[in-house]
Amino acid sequence: MPELPEVEVVRRGLQSQVAGRTTAAVQVLHPRAVRRHAGGGRDLEHRLSGRLLASAERRGKYLWLPLDGGDEALVAHLGMSGQLLVQPPESPDETHLRVRITFADGGGELRFVDQRTFGGLALEPVDADTAAPASVRHIARDPLDPLFDERGFATALRHRRTGVKRALLDQTLVSGIGNIYADEALWRARLHYARPTETLTRPEADRVLRAAREVMAAALAQGGTSFDALYVNVNGASGYFDRSLEAYGRRDEPCSRCGAPIRRDAFMNRSSYTCPRCQPRPRRGRW
DNA sequence: ACTAGAACCTGGCCGC
DNA sequence: TGCGGCCAGGTTCTAG
């Protein structure tokens, strides 16, 4: 499940292997993979052919490749199971291959592979002022961004009226954090996911942000997290940060700080993992 | 304006 | 062996 560290690994792969190359043909194999593209699959195939992909950018979990000229970009979101692979043209198609982009240099082709089809590609105009594509404009900066506003984040967090985990998952407040790193950050900060944001002290707000930054930086240093074969980077290699997770996916295993068994709760149609001793449930929590 | 929850999607896995 | 149901979860849409 790609979150910020995984997406950044993919961005680096794109920057080194795709940036600076000119596309030849584009083949859309599944309409849902391009549902965010205003003109549909045929339109994307035509407008993306013969274009220079200038660089690889990222904000939160969104990736984009600005085209030559700079007023358009190919935007990619991996969703839950999306992969961007650079493969030799002769290698067999992947089962869930959705979009194929070949290049004028005849080298490795860029393939968008996505089993669950939550992800997708789109060609979008780029806003001249922010240098961000249209669909990325509402996404907040992420904790690894040098321009991230820490004080502003802490203030905004404490003005929310919700549970702290919901707030961490809100990409308009802070981007890049998904279910896995939210649980890891909360474990590090010793906060329960249902803790009402309006009761957070400023030190607590600072602490959870610092924890999120630390766990994502550590994951990035190891090449991203992976739990199965769904996530691979642009070269096709899996990350392996899952060995370092302290809470997520560790139901009934002892907390490495205190030994209490990690518990799993259903929360927001997904799972939340907490240490019941280090992260006690607040008396009046917000779900 | 803000918050909460459903919907989208496929394949692996489990129990029967 | 097969089948129904559950689970994984990022984002968008809709309802309140």
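Below, all heavy atoms of this structure are taken into account, side chains as well, without hydrogens, waters or symmetry copies. Throughout, protein chains are lettered first and strands after them, A, B, ... in sequence-line order, and every chain is numbered starting at 1. Keep in mind that what you see is a predicted model, and the values were worked out from it rather than measured.
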Exercise for review: At under 4.0 Å between heavy atoms, which parts of nucleotides 10-15 of chain B does protein reach? Answer with one letter per nucleotide, 5' to 3': B base, S sugar-phosphate only, - none.
Suggested key: BS----

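- Per the geometry, CE belonging to A/Met268 stands 11 Å off P belonging to B/dA6, to the nearest Å.
- Counting side-chain heavy-atom gaps under 4.5 Å among Ile, Leu, Val, Met, Phe, Trp and Tyr, A/Leu147 is found in no cluster with other residues.
- Summarising the geometry, the separation between CZ on A/Arg166 and C1' on B/dT3 is reported as 8 Å, rounded to the nearest angstrom.
- Computed from coordinates, the A/Asp183 CG to C/dG10 C1' distance equals 15 Å when rounded to whole Å.
- For A/Thr162, a side-chain nitrogen or oxygen approaches OP1 or OP2 of B/dA4 to under 4.0 Å.
- Taking the salt bridge (charged side-chain N to carboxylate O under 4.0 Å, His left out) definition, one finds that A/Lys61 meets it with nothing, sequence neighbours left out.
- Using a cut-off of 4.0 Å between Lys/Arg side-chain N and Asp/Glu carboxylate O, A/Arg141 and A/Asp149 are scored as not salt-bridged.
- Atom P of nucleotide B/dG5 and atom CG of A/Asp170 are separated by 15 Å, given to the nearest angstrom.
- Terminal axes of the helix from B/dC2-C/dG16 to B/dC16-C/dG2 (five pairs each, C1' rotation axis) are separated by 50°, to the nearest 10°.
- The side-chain heavy atoms of A/His192 and A/Leu186, taken from C-beta on, include no pair separated by under 4.5 Å.
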Point to revise | Trace of the side chain to side chain contact (heavy atoms under 4.5 Å, CB included) decision for A/Leu123 with A/Leu67 | key: CA-CA 9 Å; A/Leu123 199 55; A/Leu67 304 191; 3.6 Å; yes

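- Rounded to whole Å, the distance from CG on A/Asp265 to P on C/dC7 is 13 Å.
- Through direct or indirect side-chain contacts shorter than 4.5 Å among Ile, Leu, Val, Met, Phe, Trp and Tyr, A/Ile139 is connected to A/Tyr62, A/Trp64, A/Val75, A/Val136.
- Ionic pairing of A/Asp252 and A/Arg264 is not present here: no N-O contact between side-chain nitrogen and carboxylate oxygen is shorter than 4.0 angstrom.
- Going from atom CZ of A/Arg35 over to atom P of B/dC8 covers 12 Å, rounded to whole Å.
- Atom pair A/Leu63:CG and C/dG10:P shows a separation of 15 Å (rounding to whole Å applied).
- Distances shorter than 4.0 Å separate some side-chain N or O of A/Asn269 from OP1 or OP2 on B/dA6.
- Here A/Asp142 pairs with A/Arg58 in a salt bridge; the nearest charged N to carboxylate O distance falls below 4.0 Å.
- Mapping A/Arg161 and A/Arg32 onto DNA chain B via the closest heavy atom, the residue that lands nearer the 5' end is A/Arg161.
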Revision key, fill the gap. Protein-proximity profile, nucleotides 11-16 of chain C, B/S/- by nucleotide at the 4.0 Å heavy-atom cutoff, equals BSS---

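- Salt-bridge formation is not detected for the pair A/Arg210/A/Glu214: no Lys NZ or Arg NE/NH1/NH2 atom is positioned less than 4.0 Å from an Asp or Glu carboxylate oxygen.
- One atom, NE2 of A/His159, and another, P of B/dA1, lie 18 Å apart when rounded to the nearest Å.
- Checked for salt-bridge contact, A/Asp183 and A/Arg270 miss the test: no charged N lies under 4.0 Å from a carboxylate O.
- A salt bridge links A/Arg100 and A/Asp93; the closest N-O separation between the charged side-chain nitrogens and carboxylate oxygens is under 4.0 Å.
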